[in-house]
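This report refers to the structure that appears directly beneath it.
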Amino acid sequence: MGGWAIAVHGGAGVDPNLPAERQKQAKELLTRCLNIGISALRSSLPAIDVVELVVRELESDPLFNSGRGSALTANGTVEMEASIMDGDGRRCGAVSGISTVKNPISLARLIMDKSPHSYLGFSGAEEFAKQQGVEMVDNEYFITEDNVGMLKLAKEANTILFDYRIPLTGLDSCASSVESPIRMNGLPISVYAPETVGCVVVDGQGRCAAATSTGGLMNKMTGRIGDSPLIGAGTYAGELCGVSCTGEGEAIIRGTLARDVAAVMEYKELGLQEAVDFVIKKRLDNGFAGLIAVSNKGEVAYGFNCNGMFRGCATEDGFMDVGIW
């Protein structure tokens, strides 16, 4: 075994003109989450516990689009989704349409551990959460002033905003109506801010795990489900690796991105970084996305085909890196 390794992400696709203060805040949050994970790994917590712990921290901070601070539906509400997978036995749990559970990733974990199913959604998931006694909050807890403003912009533009955190000032250069070299689903965007958080871990025993959580797309149709709760698309962990994806959900779903990393490692015998590079290059068609991954050998890797991805990683030998571009 090569020792433990951990990686986190806060979304793929970043405005090149993202204010320095926003960049600083993102790096500080990613660093804090990495340190939480590192401490847990040094205490010999298994990988599955570490990914849940780290994603809970990301969900509790409104900076990224998961948990508190989630993007809003066309109705102005929050519908969150999350998934978690334990490579040891390929056990998994997932949720969609969550509106009152404070930490969706922990509900996904409970579905994995305490239910006969792998995936629950909407009212059924909320009822299961109540039965399990998880912390519940009003939907308003998740709604921020920034996101209310972004929803207003999206409705005025009559579109779905992938760039759900366009600054509310300087709209002459940042609004969704301004042409951008980056396009998704044919829509021009200028600030494709993060839309998902995730964590992947391999512990000292070589066990891999992955977890992903999101609020989805701003102004999305009520009931829309993205890649984040879909095992094999946004999240996957097996004996060889753990993967968490972020970006254009519809493209990630079509490419079964997370599972494909493991598949090419198994069937093409590629190394971790080679597998990540292959999948990003060959499986996204015209979509934009990124992913983080760890291997059972203690390796860590990431890749993206857009202009940036909020990310951080660390390994047992002392390596640590936090970056955006």
Side-chain angles (χ1 to χ4, degrees), residues 5-16 18 23 26-27 29-30 33-34 51 54-55 58 63-66 71 82-83 162-165 180-185 189 191-201 210-217 226-230 232-237 241-262 264-265 272-295 299-313 321-325:
I6 180 173
V8 297
H9 72 73
V14 187
D15 175 24
L18 188 69
Q23 295 184 44
K27 287 182 175 180
L29 175 55
L30 292 171
C33 291
L34 274 180
V51 295
V54 170
V55 171
L58 289 163
L63 185 65
F64 294 140
N65 174 16
S66 67
S83 64
F162 289 88
D163 45 334
Y164 83 101
R165 286 186 193 274
S180 166
I182 306 171
R183 302 180 73 89
M184 291 189 181
N185 288 342
I189 61 174
V191 187
Y192 176 35
E195 59 171 61
T196 303
V197 303
C199 179
V200 292
V201 166
T212 311
S213 181
T214 189
L217 302 177
D227 67 287
S228 296
L230 301 184
T235 304
Y236 187 79
C241 64
V243 183
S244 175
C245 300
T246 171
E248 187 181 349
E250 280 68 20
I252 295 170
I253 293 169
R254 293 193 302 270
T256 57
L257 221 61
R259 167 58 186 160
D260 250 28
V261 173
V264 297
M265 289 181 71
L272 182 68
Q273 188 65 61
E274 288 180 297
V276 169
D277 292 342
F278 177 87
V279 168
I280 291 294
K281 183 178 180 181
K282 299 291 187 180
R283 294 293 182 260
L284 277 169
D285 302 321
N286 294 319
F288 289 89
L291 62 86
I292 54 174
V294 293
S295 78
E299 302 163 308
V300 63
Y302 65 84
F304 53 90
N305 66 347
C306 42
N307 57 325
M309 178 171 71
F310 292 101
R311 65 193 183 276
C313 60
D321 180 62
V322 176
I324 301 177
W325 312 109

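Residues take their numbers from the sequence shown, with the count starting at 1. What you see below is based on every heavy atom in this structure, not just the backbone, and it leaves out hydrogens, waters and symmetry mates.
- L29 CG to L34 CG: the interatomic distance, rounded to the nearest 0.5 Å, is 10.0 Å.
- The CD1 atom of I252 lies 7.0 Å from the OG1 atom of T196; values are rounded to the nearest 0.5 Å.
- Rounding to the nearest 0.5 Å places SG of C241 at 7.5 Å from OH of Y236.
- Once rounded to the nearest 0.5 Å, the distance linking SG of C245 with CE of M309 reads 9.5 Å.
- Interatomic distance, CG of L291 versus OH of Y302, reported as 11.5 Å (0.5 Å rounding).
- Under the 3.5 Å distance criterion, the side-chain polar atoms of R311 are matched with a main-chain donor or acceptor of W325.
- Side chain of E250 to backbone of G226: no donor-acceptor contact under 3.5 angstrom is found.
- The closest side-chain heavy-atom distance from V294 to V201 is not below 4.5 Å.
- At distances below 3.5 Å, not a single donor-acceptor pair connects side-chain atoms of D227 with backbone N or O atoms of E248.
- When all heavy atoms of S66 and V197 are compared, the closest pair comes out as OG-CG2, 3.3 Å.
- The shortest heavy-atom contact between L30 and G10 is CD2-N, 4.3 Å.
- The nearest pair of heavy atoms linking I280 to G303 is CD1-O, 3.8 Å.
- Here the closest heavy-atom approach between residue L257 and residue A289 is recorded as CD2-CB, 4.2 Å.
- D260 places no side-chain N or O within donor-acceptor distance of the main-chain N or O of V279, the cut-off being under 3.5 Å.
- Atom CG of N305 and atom CG of N286 lie 10.0 Å apart (nearest 0.5 Å).
- Closest approach of L58 to G198, counting heavy atoms only: CD1-O, 4.2 Å.
- Side-chain contact between K27 and F310 is absent, with no heavy atoms from C-beta onward closer than 4.5 Å.
- The closest donor-acceptor contact from the side chain of S228 to the backbone of A82 lies at 3.5 Å or more, if one exists at all.
- Of all heavy-atom pairs spanning F64 and A26, the tightest one is CZ-CB, 3.9 Å.
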S244 vs T212, test: side chain to side chain donor-acceptor pair (under 3.5 Å). Steps then yes/no. CA-CA 6 Å; S244 175; T212 311; 2.8 Å; yes

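- Proximity of I6 to V300: side-chain heavy atoms (C-beta onward) are nowhere separated by under 4.5 Å.
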